[in-house]
Amino acid sequence: MTFELQHTDDASDARAGVITTDHGQILTPIFMPVGTEGAVKAVHFDELREEIKAQIILGNTYHLYLRPGLDVLRAAGGLHGFNGWERPILTDSGGFQVFSLTGIRKLSEEGCEFRSHIDGSKHFFTPENVMDTERIIGADIMMALDECPPGLSDYTYAKNSLAMTQRWLDRCIKRFDATEPLYGYRQSLFPIVQGCTYKDLRVEAAKFVADKGADGNAIGGLAVGEPTEVMYEMIEVVNAILPKDKPRYLMGVGTPQNILEAIERGVDMFDCVMPTRNGRNAMLFTYEGTMNMRNKKWETDFSPLDEGGCHIDRVTTKAYLHHLFKAKELLAMQIASIHNLAFYLRLVTDARQHIIAGDFTKWKASVIDQLGRRR
Ligand code: PRF
């Protein structure tokens with residue numbers, strides 16, 4: 001994988017670049033739709049390609065390891081072979097999901113023990129077996145195993161947790177370097193910066209990660225309950241240290257406003273369940289603000305969902321989508337998910353174009369307040 005920086009904004013740390021993988025190019029800044037179980041909820045791959053213009057999607061090691069399982073994935077030739085998505089894929093390592101999804105878990109130096117949320121069976125993740133699993137899934141970008149502590153962890157917990165994440169990173173790198181891709185294309189390993197909301201820990205974590213010389217670097221442990229301003233401050237602290245010539249990925253963030261603020265601070269890659277999850281719950285994101293499609297005010301509004309949006313936005317009226325949600329039609333969730341993902345991709349594509357044109361901060365200032373409005 002390579003990263004070419006094409007343009008850096010004069011007035012901020014925003015950058016436009018291009019990542020090249022063996023499954024194709026990714027123009028940054030980029031948003032990556034979340035396909036936890038090998039599918040983006042309620043959205044077909046044809047729509048991801050043609051309507052949404054997704055360039056890369058996510059998969060989750062935790063979920064895919066439990067189901068369909070490694071034997072099926074290996075036999076299919078990896079996740080690309082299994083689900084038919086021929087563009088790049090990134091897999092999260094599973095640590096975050098183990099902590100957020102499984103009640104019973106035991107964390108030790110060796111790894112984390114957890115019970116399946118599907119059948120209660122016991123499993124153990126280590127940095128080594130997570131690397132092996134991500135090799136089998138065959139993602140273009142594999143994430144290191146980390147611990148994402150709760151946002152408001154005390155200093156001692158955060159410090160000890162970070163130290164373990166760093167030892168786990170060294171074990172991940174060792175295993176990654178000792179193994180080969182299974183399907184004939186290259187894979188990259190991204191380390192993750194942790195350190196909660198403590199500046200000195202974030203600085204130490206960023207230096208530790210920067211020294212590894214990875215193809216790209218991630219910022220984890222944010223958007224987990226801390227105030228938004230603190231999240232922005234941590235991004236600034238970390239990005240001052242992470243290499244400029246490698247992509248930076250802010251994990252699990254966020255609202256359209258969060259994404260623009262992070263782009264301004266030098267972040268290149270994002271993922272979040274918000275466009276799909278909120279979409280299934282009738283909430284649409286637009287440049288003019290958010291809309292609750294269950295609201296009676298849309299009952300006879302026969303204007304398109306979004307004039308400047310994707311094809312489905314232009315041929316679907318607000319009144320019709322309102323009706324679909326009221327009637328609990330599955331099509332409601334499909335349309336809302338497609339709209340929101342297409343909007344997120346449009347947002348980062350617009351950001352990229354304004355970075356290249358040299359007026360990113362001006363453009364951002366002109367759209368940011370409207371984005372948070374309730375329509
Ligand atoms: N670590 C991993 N995945 C993540 C996170 C993290 O800290 C977050 C935090 N926002 C989302 N997804 N491995």
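In each ligand, atom 1 is the first atom listed, and ligand 1 is the first ligand listed. The model shown is predicted, which means the values in this text are computed figures rather than measured ones.
- Close approach of ligand 1 to I192 (heavy-atom distance below 4.0 Å) involves ligand atoms 13 (N).
- From S116, atom OG reaches atom OH of Y62 across 5.0 Å, with rounding to the nearest 0.5 Å.
- For the pair M251 and ligand 1, the shortest N or O to N or O distance falls below 3.5 Å.
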For this session: Check the pair F302, Y320 against ring-ring contact (aromatic ring centres under 6.0 Å, His included), reporting the backbone distance first and the verdict last.
Result: CA-CA 8 Å; F302 302 108; Y320 182 58; over 10 Å; no
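- Given atom 1 (N) of ligand 1, the protein heavy atom at minimum distance is D146 OD2, 2.7 Å.
- Ring planes of H123 and F114: parallel class, angle under 30° (limits at 30 and 60°).
- Using a 4.0 Å cut-off between heavy atoms, M143 makes no contact with ligand 1 at all.
- By the 3.5 Å distance cut-off applied to N or O atoms, G221 is counted among the residues near ligand 1.
- Between L222 and ligand 1, an N or O atom pair is found at a separation short of 3.5 Å.
- Residues W298 and H322 keep their aromatic ring centres 6.0 Å or farther apart.
- Nearest protein neighbour of atom 3 (N) of ligand 1, counting heavy atoms only, is D92 OD2, 2.6 Å.
- Ring-centre distance between Y185 and H80: below the 6.0 Å cut-off.
- With hydrogens and angles disregarded, no donor-acceptor distance shorter than 3.5 Å links the side chain of R248 to the backbone of V267.
- For ligand 1, the atoms closer than 4.0 angstrom to any heavy atom of S93 are 13 (N).
- Here the shortest heavy-atom pairing between G252 and C272 reads O-SG, 3.9 Å.
- Heavy-atom contacts of C148 reach the following atoms of ligand 1: 6 (C), 7 (O) (cutoff under 4.0 Å).
- Backbone and side-chain nitrogen or oxygen atoms of Q97 are examined, and none is located within less than 3.5 angstrom of a nitrogen or oxygen of ligand 1.
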